[in-house]
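Here's the structure, in C-alpha coordinates; my notes come after.
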Amino acid sequence: GDTGYGGAPNMLRTISALASAGAAAITIEDQQFPKKCTIAAGSKIQIVGREAAVQRVKGALGARDLYKERTAGGAGPWVVART
(Lines give C-alpha, C1' and ligand atoms only; values in the text may rest on other atoms or scores of the structure.)
Protein backbone atom coordinates (compact mmCIF):
# COMPACT_ATOMS: atom_id res chain seq x y z
CA GLY A 1 0.00 0.00 0.00
CA ASP A 2 2.80 2.33 0.91
CA THR A 3 1.53 5.89 0.36
CA GLY A 4 -1.34 4.72 -1.83
CA TYR A 5 0.58 5.99 -4.88
CA GLY A 6 -1.42 9.20 -5.17
CA GLY A 7 -5.03 10.07 -4.39
CA ALA A 8 -8.15 8.06 -3.58
CA PRO A 9 -8.56 6.41 -7.02
CA ASN A 10 -4.99 5.14 -6.83
CA MET A 11 -5.56 3.85 -3.30
CA LEU A 12 -8.59 1.90 -4.53
CA ARG A 13 -6.60 0.39 -7.39
CA THR A 14 -3.63 -0.41 -5.14
CA ILE A 15 -5.71 -2.13 -2.46
CA SER A 16 -7.75 -4.06 -5.04
CA ALA A 17 -4.64 -5.26 -6.87
CA LEU A 18 -2.85 -6.34 -3.71
CA ALA A 19 -5.95 -8.05 -2.32
CA SER A 20 -6.53 -9.86 -5.62
CA ALA A 21 -2.94 -11.06 -5.51
CA GLY A 22 -3.61 -12.58 -2.09
CA ALA A 23 -1.96 -10.03 0.20
CA ALA A 24 -2.83 -10.71 3.84
CA ALA A 25 -2.00 -7.17 4.98
CA ILE A 26 -1.25 -3.76 3.51
CA THR A 27 0.80 -1.04 5.19
CA ILE A 28 -0.15 2.60 4.64
CA GLU A 29 2.49 5.23 5.41
CA ASP A 30 2.24 8.91 6.25
CA GLN A 31 5.04 10.09 3.95
CA GLN A 32 4.37 12.47 1.11
CA PHE A 33 4.22 11.03 -2.40
CA PRO A 34 6.65 10.18 -3.88
CA LYS A 35 8.15 8.43 -0.87
CA LYS A 36 11.88 8.70 -0.14
CA CYS A 37 14.16 6.04 1.28
CA THR A 38 14.68 6.70 4.99
CA ILE A 39 18.19 5.20 4.89
CA ALA A 40 19.55 7.35 2.06
CA ALA A 41 22.06 9.89 3.32
CA GLY A 42 20.76 13.43 3.43
CA SER A 43 17.16 12.60 2.57
CA LYS A 44 14.61 14.66 4.43
CA ILE A 45 11.43 12.75 5.10
CA GLN A 46 8.28 14.79 4.68
CA ILE A 47 5.02 13.53 6.11
CA VAL A 48 1.47 14.54 5.32
CA GLY A 49 -0.72 16.28 7.87
CA ARG A 50 -2.81 14.34 10.36
CA GLU A 51 -6.06 14.76 8.42
CA ALA A 52 -4.45 13.58 5.18
CA ALA A 53 -3.00 10.54 6.97
CA VAL A 54 -6.40 9.71 8.46
CA GLN A 55 -8.01 10.05 5.02
CA ARG A 56 -5.46 7.63 3.55
CA VAL A 57 -6.31 5.02 6.17
CA LYS A 58 -10.05 5.57 5.74
CA GLY A 59 -9.59 5.29 1.97
CA ALA A 60 -7.68 2.04 2.38
CA LEU A 61 -10.36 0.63 4.68
CA GLY A 62 -13.08 1.69 2.25
CA ALA A 63 -11.21 0.07 -0.64
CA ARG A 64 -10.77 -3.11 1.39
CA ASP A 65 -14.48 -3.17 2.26
CA LEU A 66 -15.40 -2.62 -1.39
CA TYR A 67 -13.11 -5.53 -2.34
CA LYS A 68 -14.88 -7.70 0.27
CA GLU A 69 -18.29 -6.79 -1.21
CA ARG A 70 -17.13 -7.59 -4.77
CA THR A 71 -15.73 -10.96 -3.71
CA ALA A 72 -18.79 -12.21 -1.86
CA GLY A 73 -17.59 -11.33 1.63
CA GLY A 74 -14.00 -12.52 1.49
CA ALA A 75 -11.95 -11.43 4.47
CA GLY A 76 -9.84 -8.91 2.58
CA PRO A 77 -6.43 -7.80 3.80
CA TRP A 78 -5.65 -6.16 7.12
CA VAL A 79 -4.81 -2.47 6.83
CA VAL A 80 -1.88 -1.30 8.97
CA ALA A 81 -1.19 2.41 9.46
CA ARG A 82 2.50 3.22 9.95
CA THR A 83 4.19 6.47 10.90
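Taking each heavy atom of A23 and P77 in turn, the nearest pair found is O-CB, 3.5 Å. Across all non-hydrogen atoms, the minimal contact from Y67 to S20 is CE1-OG, 3.7 Å. Across every non-hydrogen atom of I15 and A63, the tightest pair is CB-CB, 3.7 Å.
With rounding to the nearest 0.5 angstrom, the CZ atom of R56 is 8.0 Å from the CD1 atom of I28.
When L18, T14, L12 are each tested for a side chain to side chain contact (heavy atoms under 4.5 Å, CB included) with S16, only one passes: L12.
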